[in-house]
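Below is one structure, written out as structure tokens; comments come after it.
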Amino acid sequence: MSTGRAGHVARSTARSAIRPYSETRGVTRGGGPLRTFLRTADGVSIDSVYEPGPVVYDGFDSGLPEAGGAASEGASSGPAVSGRAADLVFVVAHGFTGDADRPHVRRVAGVLARYGSVVTFSFRGHGASGGRSTVGDREVLDLAAAVGWARELGHTRVATVGFSMGGSVVLRHAGLGREAGGAPGAGSDPGAGVDAVVSVSAPARWFYRGTAPMRRLHWLVTRPSGRLVGRYGLRTRIHHRQWDPVPVSPVEAVPRIAPTPLLIVHGDQDGYFPLDHPRMLAAAAGEGGELWVEPGMGHAENAAPEGLLTRIGDWVVARAG
């Protein structure tokens, strides 16, 4: 489905095209959060939402005196955040057929917002974004634009958190580094542009058809009748072209991510990708990656419980510099 090489971070239109929408409750121009269309390096408009994190987190003991003059005693530490938490932003990459307004995406954003600011966006071909989905190939440019916007907004620490297709995209984005759109000025580090990477329910390799849900997905993507179902039934516009060339797979990209911290999360009840996928990714990462196999968890955002999302937030805060 690819038509050219992945380029550099696109300049966002955030300064001139802020557009708050009613679909995402609380995202307004006056209240702090912003909604805008970003422009990718290949010219696709990406619907994006920025929600600034709270300055002080629930239960966080800063060690500073309270209004009465004495420091609090016995206060719960709550989320493991530091005084630099305001510098941290999570960029959330949703799964195939999702978008920034889907309830499960908003739920993920709500939990991560306890730890820092959050950028959510709709991949090309999804929601209000332009273009057509390439199912993980050119989507690297969509993520690059979102990461670039987060940097423009002043955040010095950026963590990408992706689910399913989005999980493969965050791996490829970090592994390809500057070639895939790493932040300008980030140097030659292969993980340029991000400070931590979390991939949930991601495939390790392309063209997997070993489960019934993946066979249905391949029908959806490769057949004209399937793409019609995707467009009108799932609100996802899918590109008709096959990949040419075939992009670097997630398992090929993972070894290039180090020394950026990498967390791979997978449910042992995932109906799309069995456990050989996360184990392949972890093996490719070596000592540079960490694998969590979650008992009883299914696939991607819908299956991620709040407790897991909280642990992911803790992990990112502890490792993102």
Side-chain angles (χ1 to χ4, degrees), residues 77-81 88-96 98 104-105 107-116 118 136 143 157-175 191 194-205 208 210-211 213-214 249-321:
S77 60
V81 297
L88 176 64
V89 60
F90 295 84
V91 180
V92 177
H94 63 76
F96 185 60
H104 51 267
V105 176
R107 181 176 63 86
V108 169
V111 175
L112 297 180
R114 302 170 191 170
Y115 297 87
V118 179
L143 178 60
R157 296 187 298 156
V158 179
T160 52
V161 182
F163 297 84
S164 191
M165 181 185 78
S168 73
V169 172
V170 300
L171 295 174
R172 297 184 63 245
H173 172 265
V194 295
D195 301 282
V197 181
V198 181
S199 177
V200 183
S201 303
R205 56 194 185 273
Y208 177 73
T211 58
M214 286 306 298
S249 70
V251 74
E252 293 171 320
V254 160
R256 311 180 194 182
I257 295 176
T260 301
L262 168 63
L263 175 61
I264 299 161
V265 182
H266 212 88
D268 67 359
Q269 299 300 309
D270 192 308
Y272 286 77
F273 304 113
L275 289 176
D276 63 308
H277 284 262
R279 288 169 179 157
M280 285 181 65
L281 294 172
E287 294 183 357
E290 187 173 342
L291 172 62
W292 294 353
V293 176
E294 297 298 305
M297 177 182 161
H299 186 69
E301 304 101 311
N302 282 326
E306 182 172 342
L308 171 61
L309 298 173
T310 298
R311 287 163 50 214
I312 288 173
D314 289 334
W315 184 92
V316 168
V317 169
R319 288 165 176 79

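Nothing fancy with the numbering, it's 1 onward along the sequence. These numbers come from a predicted model, not from an experiment.
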statement: Looking only at heavy atoms, the pair that brings F273 and S164 closest together is CE1-OG, 4.3 Å

task: Mind running side-chain contact (heavy atoms from CB on, under 4.5 Å) on L262 and L171 for me, showing each step along the way?
output: CA-CA 9 Å; L262 168 63; L171 295 174; 3.6 Å; yes

query: Distance-only, no hydrogens or angles: does the D195 side chain make a donor-acceptor pair with backbone N or O of A159 under 3.5 Å?
result: no

message: As a quick check of understanding, evaluate side-chain contact (heavy atoms from CB on, under 4.5 Å) for I312 and V200, giving each step before the final call.
response: CA-CA 10 Å; I312 288 173; V200 183; 4.2 Å; yes

message: Within the 4.5 Å heavy-atom criterion, are L309 and R107 side-chain neighbours or not?
response: yes

message: In this structure, is the centre-to-centre distance between the rings of Y208 and H277 below 6.0 Å?
response: yes

- prompt: To the nearest 0.5 Å, what is the distance between CG (L291) and CE (M280)?
  reply: 13.0 Å

query: Going from CZ on R279 to CG on L281, what distance comes out if it is rounded to the nearest 0.5 angstrom?
result: 12.0 Å

Shortest non-hydrogen contact from A204 toward P250: O-CD, 3.6 Å

field: R114 side chain vs T310 backbone, donor-acceptor pair below 3.5 Å
entry: no

Side-chain heavy atoms of V316 within contact of L112, under 4.5 Å: no

query: Rounded to the nearest 0.5 Å, how far does CG of L263 lie from CH2 of W292?
result: 5.0 Å

- prompt: What distance separates R311 CZ from E306 CD, expressed to the nearest 0.5 Å?
  reply: 13.0 Å

- request: To the nearest 0.5 Å, tell me how far E252 CD sits from R205 CZ.
  value: 12.0 Å

Smallest separation among heavy atoms of A282 and I264, with atom names: N-CD1, 3.6 Å

statement: Between V170 and A93 the two heavy atoms that sit nearest each other are CG1-CB, 4.0 Å

- prompt: Any donor-acceptor pair under 3.5 Å linking the side chain of T211 with the backbone of Y272?
  reply: yes

query: If we only count heavy atoms from C-beta on, is the W315 to V198 side-chain gap below 4.5 Å?
result: yes

task: Step by step, work out the side-chain contact (heavy atoms from CB on, under 4.5 Å) result for D314 and Y115.
output: CA-CA 8 Å; D314 289 334; Y115 297 87; 3.0 Å; yes

task: Keeping the roles fixed (side chain from H94, backbone from E301), state whether a donor-acceptor pair exists under 3.5 Å.
output: no

